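Inspection log for the structure reproduced underneath, given as structure tokens.
A note on names: the letters A, B, ... follow the listed sequences, proteins ahead of strands, and every chain is numbered from 1. As the structure is a prediction and not an experimental result, all values here were calculated from the model.
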Amino acid sequence: MTISFLTRPTSEEVVGRVWEALRTVRDPELDTDVVSLDFVASVELAEADSGPVAHVRLRLPTYFCAPNFAFLMVADAWDAVSGVEGLVDVEVVLIDHFASDAINAGVAARAGFVTSMAGTEVGEAVSELHDLRRTFTERALMAGTDLVVRPLMRAGATPEQVAGMTLGDAVESSGSSDDLRRLRARRRELGIPSEDSDPLVVDPSGATVGVEALPLHLRKARSYQVGVDANTSICRGQLAVRYGL
Amino acid sequence: MYEKNGEKYFIVDSHMHYWDASPENWVEGAEQYAKGWIECFHAYQGLGPAETHQPIEEFQRVSEDQLMREVFEEGYVDKAIFQSTYLREWYKDGFNTTERNGSLFEKHPDKFIVNTRFDPRDGDKGMREFEENTKRFNAIGAKLYTAEWNGDSRGFKLTDPEAYRFLERAQELGVKNIHVHKGPTIWPLDKDAFDVSDVDHAATDFQGLNFIVEHVGLPRIEDFCFMATQEPNVYAGLSVVIGGLMHARPKFFAKVMGELLFWVGEDKMTFGSDYNIWTPRWQIEGLVDWDYPSDEFSDYPRLGVEGKKKILGLNAAKLYGIDVPAEFQLPAGEGAQLVDEREVAQA
């Protein structure tokens, strides 16, 4: 009794852990976590008889934001917060969205996207979302390649040098930046080797990009990065207007 | 017409509207969608300069006088092209129908061009409506809203067999310019709603048509760029790009323009204000003054006065056969090419 009292975290600590857990949830399209994007409207703890319950409310930039991405974020948030020690239950809801009811019910019931949308007024979901998640992780890999490689090129690296570089070489020349850590994480998610001895520039299938193909590959990588930037800008702007941030 | 530093710009606003989103026009039982839709648009307006923001009641339905003033008197526009968006599931008389736009065209035939629209899911009845409107307004363009809800359906693709039937008919009727909404704001549940590959296929199969991708495929701008380089009859419609980014996020705007200039090129980019999300005036003034903000962008193509003249009006004038007085023209050999005089470009 005494021991459990001593080790039991305070409410503030649990709330802090919930926020930390939410930092692992990202908008797949913007490749940014939902906390940084200000998509978390609130985190509250309620005391049930058996212990604390976390109530998380998520919000999005518009009433019509893509329901498939919204579903992914709500489901991922549920998974992430469920892993927080010291909670006996978790509720994650999406507010102010045309598909809020269907998504919230589906996630609460741990149903897949197609099941949760079937028979609802917003029906016609056509596919589970695994493929979608992979597609956007591949895009994040391309965009992340731009973020890591362009500074190297600006610092004078030639295409020949970049094509021959390993991830370890990139760490040596520019340090292990957040961008590089994130690129490694995306590669791991895609099942692409990401040790120091592995090549720096690969395509989304994991294949090495030779020096001949490198310039166009990097041009495309930058286009992906610009796309992510532009979308993030618009989303942040709309969220700010919508909620007076 | 806009003049700056002795240069005269002929302005074609190739993507604008005359909508009615007032509560009286909301469909009973679908009010939340009608309201959510227009509030979403209104939030977009928030990305423009503060002095141009309108209260929501005004924004829901501007008057004819206000439109004429903001577009033509204050807005420098020489010719404005109406794009239809029906959304009949949510708005009783439609959000922005060909008829409603056409009512202004009939009063001011020298100011406007009316584009029609079709929805392949409407079948024979929709085909008749498309044919009648096309003839009535002498339309040579149409707007397609592939994400529109229609009964139980939440969207269509240009590659659907029914859509091909309409595209074939459009070609026969002389409707050359197909504006395709590939951009943000409304989402069907189909995961590929904003995948641009259907435009890619249709553009290859319908060489007699031009495909103007409005909002440049945001949020899939890179897919759009890679596709547009390979399809000579695909154009970048800059609505939302200028309105949503130039003022609110100038650095990102510069990157997006750089990408478009690199992959698509200034001959295939067209200005559209998206009125009345945004008024044209500040967008035109801003684009004419625009340059990259720093040398960080030095490996993107430059955009000079000639390029700006093309984007702001001359490209769309060519697509729509609009007479442009000599004082606004570029030296011979410049500008966009119409489909019939175009050779297949090198990818």
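Looking at B:Phe224, neither its backbone nor its side chain comes within 4.5 Å of chain A, counting heavy atoms on both sides. With a threshold of 4.5 angstrom between heavy atoms, B:Phe253 does not approach chain A through any atom at all.
With salt bridges taken as basic N to acidic carboxylate O contacts below 4.0 Å, none links B:Lys157 and B:Asp160.
Defined by atom type and a distance below 3.5 Å, a donor-acceptor pair is missing between the side-chain atoms of B:His17 and B:Asn276.
A distance of 10.0 Å separates CG of B:Asp20 from NZ of B:Lys92, quoted to the nearest 0.5 Å.
Of the residues considered (A:Arg154, A:His97, A:Arg222), A:Arg222 shows the highest number of contacts with chain B, using heavy-atom pairs under 4.5 Å. In terms of heavy-atom pairs under 4.5 angstrom with chain A, the leader among B:Val216, B:Leu47, B:Asp299 is B:Asp299. With chain B as partner, the option from A:Ala230, A:Pro61, A:Ser233, A:Gly227 having the largest number of non-hydrogen pairs under 4.5 angstrom is A:Ser233. The choice from A:Leu239, A:Val241, A:Val228, A:Asp229 that makes the most heavy-atom pairs within less than 4.5 Å of chain B is A:Asp229.
Ring-centre distance between B:Tyr275 and B:Trp19: not below the 6.0 Å cut-off. For an aromatic pair to be called close, the ring centres must be under 6.0 Å apart, and B:Trp290 with B:Phe297 fails this. In this structure, B:Tyr33 has its ring center no closer than 6.0 Å to that of B:Trp37.
Heavy-atom minimum distance, A:Val202 versus A:Val209: C-CG2, 4.0 Å.
Inspection of non-hydrogen atoms places A:Phe136, A:Arg139 of residues 133-143 of chain A under 4.5 Å from chain B.
Residue A:Val92 forms a side-chain contact (heavy atoms from CB on, under 4.5 Å) with just one option from A:Val56, A:Leu22, A:Val25, and that option is A:Val56.
Under the side chain to side chain donor-acceptor pair (under 3.5 Å) criterion, B:Arg88 pairs with B:Glu129, not counting sequence neighbours.
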